[in-house]
> 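Dropping a structure here in structure tokens format, bear with me for questions.
Every value quoted in this text rests on a predicted model; they were computed, and no experiment measured them.
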Amino acid sequence: MAIALVDANNFYVSCERVFRPDLEGRPVVVLSNNDGCVVARSAEVKALGVVMGTPWFQLQKLAKREGIIALSSNYSLYADMSNRMMGILSTFSPIQEVYSIDECFLDLRGVAQDRLFHMGQAARQRVLQWVGLPVGVGIAATKTLAKLANHVAKKMPEYAGVCVWDDLAEGDQQRLLQQLPVSEVWGVGRQWTTRLQETGIQTVWDLRQTDPALMRKRFSILMERSIRELRGEPCIAMVDIPPPRQEIQSSRSFGRPVTSAEELGEAISLYTVKAAYKLRRQGSVAGALRVFINTSPFQAHLPQYHAARTIALNHPSQDTRVFLQAGRLALAEMYRSGLAYAKAGVHLLEITSADALQADLFTSAEDEARANQLMITLDRVNARFGSGTLQPGVAGLQEPRGWAMKRGNKSPAYTTRWADLARAKLE
């Protein structure tokens, strides 16, 4: 049994560097919505001691002194680069579990032990050559050990980006586990780390040596599972196809305060369009829609208001128009004039498979087929010509939207918009 974890290095920053080679070797951060906090750091920024989540305004002096370059989040670019990376990695195994936007597990059972390192190197080289992203590869008998092996491959230069755990001598394995803090164990969060440290468990090796049954009583079955995985006993199965999400959310903080019902309705309509697309993409229908609107808790001198309404549909649907109508009803019930709204969002609830949907007694089969074909056409047009090419007018017709979140230094959509294709200059 062998499982590989392939993880891109500094993913958001690496995506930007593919199209901006001038950023190589320079300190770069990517900021969150409205250019608020640091959500990605290059190695050069990490070396300066900047931690994840640091507000950008607190880094102004350091940025000026060290030449830190700040970029706004470009989620369409990152998602497309992720899809390309995952497509390449899927050729190395028939079973792939995409764990996050920048990492996936590959089931390598059946591959000879002496071939694992070469396969890891091949995967690393192919991703770098075909999409320009540097990745680290950790290979072990369990997911938890593969995570640790990946950490070793990326942090220790002598492993050249690939670490096959079982290729290491037992003494080297013990030495590495004794060097790694217990917080590096997959699934051990901040609270568990504190509790473990209070009982004298400081390193991964300390945790591995504990009694699994006893730790299950003190913590949970998840802790027992982690310990057994650290000992090389597979307890966490591969998930080839991730289960569909049971709740879909689309929300954003506004770039400036929104005071009018028209702009608030436009924002909620746009979020509804995005959520409905995600719903159809996973082949589901939803039975209810929840809308929320908030003022800013950071503007304590202004009137505060937080409200949410849930609208149950007469029949589960994946039709954007049905959700837009429900969203308008919810907003009409909640909206109060004279307030400065800072954030709004939409949740789709009571999600089930579209394949198991029973027919609606009050809708003809002809009308239902016509509605389904309209949504298929809508998605195909946007997939071919770019997101937002075709959408309901209530979601806004002007770009940029005045209330949209701030992204003052956003890179072009190099891979998803024809107008933003990179151009080579001939001299």
Side-chain angles (χ1 to χ4, degrees), residues 1-19 21 24 40-43 46 77-169 172-173 176 180 184-187 229-230 232 234 236-242 414-415:
M1 179 69 178
I3 296 174
L5 175 68
V6 186
D7 180 16
N9 303 344
N10 311 320
F11 181 65
Y12 288 180
V13 173
S14 294
C15 288
E16 300 285 355
R17 283 174 166 172
V18 169
F19 301 95
E24 289 289 344
R41 306 158 295 162
S42 67
K46 293 177 183 178
L77 172 65
Y78 309 149
D80 187 68
M81 294 293 282
S82 173
N83 291 336
R84 294 168 188 247
M85 182 181 82
M86 298 306 173
I88 294 170
L89 294 173
S90 69
T91 63
F92 287 88
S93 171
I95 301 178
Q96 177 190 39
E97 179 184 339
V98 178
Y99 182 66
S100 68
I101 192 171
D102 64 341
E103 60 184 327
C104 73
F105 291 102
L106 299 174
D107 189 333
L108 300 182
R109 72 182 73 191
V111 179
Q113 183 67 33
D114 61 357
R115 293 294 304 162
L116 291 175
F117 179 80
H118 300 289
M119 180 172 283
Q121 287 283 21
R124 193 166 181 268
Q125 181 179 1
R126 191 173 301 176
V127 172
L128 183 61
Q129 181 179 359
W130 289 12
V131 294
L133 295 174
V135 301
V137 183
I139 303 176
T142 70
K143 283 184 171 181
T144 303
L145 282 176
K147 275 269 194 179
L148 290 175
N150 179 276
H151 176 85
V152 170
K154 292 170 66 174
K155 299 296 182 181
M156 301 185 180
E158 61 266 32
Y159 291 95
V162 178
C163 176
V164 181
W165 190 253
D166 286 344
D167 283 354
L168 306 178
D172 291 334
Q173 292 180 357
L176 288 169
L180 294 173
E184 289 295 337
V185 176
W186 185 34
E229 287 242 330
L230 287 174
I236 308 174
M238 290 285 294
V239 180
D240 188 11
I241 302 176
Y414 297 108
T415 63

> Hey, what do you get for NE2 (His118) to CZ (Arg115), rounding to the nearest 0.5 Å?
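The CZ atom of Arg115 is 5.5 Å from NE2 of His118, to the nearest 0.5 Å.
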
> Relative to the ring of Phe105, is the ring of Tyr99 parallel (under 30°), tilted (30 to 60°) or perpendicular (over 60°)?
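Geometry flag for Phe105 against Tyr99: perpendicular rings.
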
> Do any N or O atoms from the side chain of Ser82 and from the backbone of Asp102 form a donor-acceptor pair under 3.5 angstrom?
no

> Quick one: closest heavy-atom pair of Gln96 and Ser90, and the distance?
OE1-CB, 3.4 Å

> Nearest 0.5 Å, what's the CZ-CE distance between Arg109 and Met1?
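The CE atom of Met1 is 4.5 Å from CZ of Arg109, to the nearest 0.5 Å.
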
> Do Cys15 and Leu133 come within less than 4.5 Å of each other through their side chains, counting heavy atoms only?
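In short, these two side chains touch, coming nearer than 4.5 Å.
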
> Are the side chain of Lys143 and the backbone of Ala237 linked by a donor-acceptor contact shorter than 3.5 Å?
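Checking the backbone N and O of Ala237 against the side chain of Lys143, a donor-acceptor pair under 3.5 Å is found.
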
> Given Phe92 and Arg126, is the side-chain contact (heavy atoms from CB on, under 4.5 Å) satisfied, shown in steps?
CA-CA 11 Å; Phe92 287 88; Arg126 191 173 301 176; 3.6 Å; yes

> Inspect the contact between Glu184 and Lys147 and indicate whether a charged nitrogen and a carboxylate oxygen are less than 4.0 angstrom apart.
no

> Is there side-chain contact between Asp7 and Val135, with at least one heavy-atom pair below 4.5 Å?
no

> Any side-chain donor-acceptor pair under 3.5 Å between Thr415 and Asp80?
yes

> Can you confirm whether Phe11 sits close enough to Ser100 that some side-chain heavy atom of one is under 4.5 Å from a side-chain heavy atom of the other?
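In short, these two side chains do not touch, never coming nearer than 4.5 Å.
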
> When rounded to the nearest 0.5 angstrom, what is the spacing between OG1 in Thr142 and CG in Leu230?
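If we round to the nearest 0.5 Å, Thr142:OG1 and Leu230:CG are 7.0 Å apart.
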
> Can you tell me if Lys155 has over 12 outside heavy atoms packed within less than 6.0 Å of its NZ?
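Not buried by this count: 12 neighbours or fewer within 6.0 Å.
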
> Looking only at the side chains, is there a donor atom on one of Glu16 and Tyr78 sitting less than 3.5 Å from an acceptor on the other?
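Checked: Glu16/Tyr78 side chains pair up, N/O donor to acceptor below 3.5 Å.
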
> Would Ile101 and Met81 count as a side-chain contact (heavy atoms from CB on, under 4.5 Å) if you check the C-alpha gap in whole Å, the side-chain angles of each, and the deciding distance to 0.1 Å?
CA-CA 9 Å; Ile101 192 171; Met81 294 293 282; over 6 Å; no

> I'd like to check Tyr159 versus Phe117 (side-chain heavy atoms, cut-off strictly below 4.5 Å). Are they in contact?
no

> Just how far is it from atom OG1 of Thr144 to atom CG of Leu5, taken to the nearest 0.5 Å?
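Between Thr144 OG1 and Leu5 CG, I get 10.5 Å after rounding to 0.5 Å.
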
> Output the distance between atom CE (Met238) and atom CD (Glu97), rounded to the nearest 0.5 Å.
5.5 Å

> Check Ala40 against Tyr12 and note the closest heavy-atom contact, atom names and distance.
CB-CB, 3.7 Å

> So which atom in Cys163 and which in Ala153 form the shortest heavy-atom distance, rounded to 0.1 Å?
N-CB, 3.7 Å

> Does the pair Trp165 and Leu176 meet the rule for a side-chain contact (heavy atoms from CB on, under 4.5 Å), with working shown?
CA-CA 10 Å; Trp165 190 253; Leu176 288 169; 4.0 Å; yes

> Just wondering, do Ile88 and Val131 contact through their side chains at under 4.5 Å, heavy atoms?
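They are in contact (side-chain heavy atoms under 4.5 Å apart), so the answer is yes.
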
> Near Gln125 CD, under 6.0 Å, is it more than 12 heavy atoms from other residues, nucleotides or ligands?
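12 or below, so no.
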
> Would the distance check show the side chain of Ser93 and the main-chain N or O of Leu108 forming a donor-acceptor pair, the cut-off being under 3.5 Å?
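Not confirmed, Ser93 side chain does not pair with Leu108 backbone.
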
> Write down the atom of Pro234, the atom of Ala141, and the distance for their closest heavy-atom approach.
CG-O, 3.7 Å

> Side-chain contact, heavy-atom cut-off 4.5 Å: Met119 with Val111?
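A side-chain contact under 4.5 Å exists here.
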
> State, with a plain yes or no, whether a side-chain heavy atom of Asp166 is found less than 4.5 Å away from one of Ile139.
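Sidechains of Ile139 and Asp166: no contact.
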
> What pair of heavy atoms forms the shortest contact from Leu168 to Gln173, and how long is it?
O-NE2, 3.5 Å

> Would you say that Val6 contacts Arg124 through its side chain, given a criterion of any heavy-atom pair below 4.5 Å between the two side chains?
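Not touching, per the 4.5 Å side-chain cut-off.
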
> Starting from the C-alpha separation in whole Å, work towards a yes-or-no answer on side-chain hydrogen bond (donor to acceptor under 3.5 Å, both in side chains) for Asn150 and Glu103.
CA-CA 10 Å; Asn150 179 276; Glu103 60 184 327; over 6 Å; no

> How close do Leu89 and Cys104 get, counting heavy atoms only, and between which atoms?
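Where Leu89 meets Cys104 most closely, the heavy atoms are CD1-SG, 3.6 Å.
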
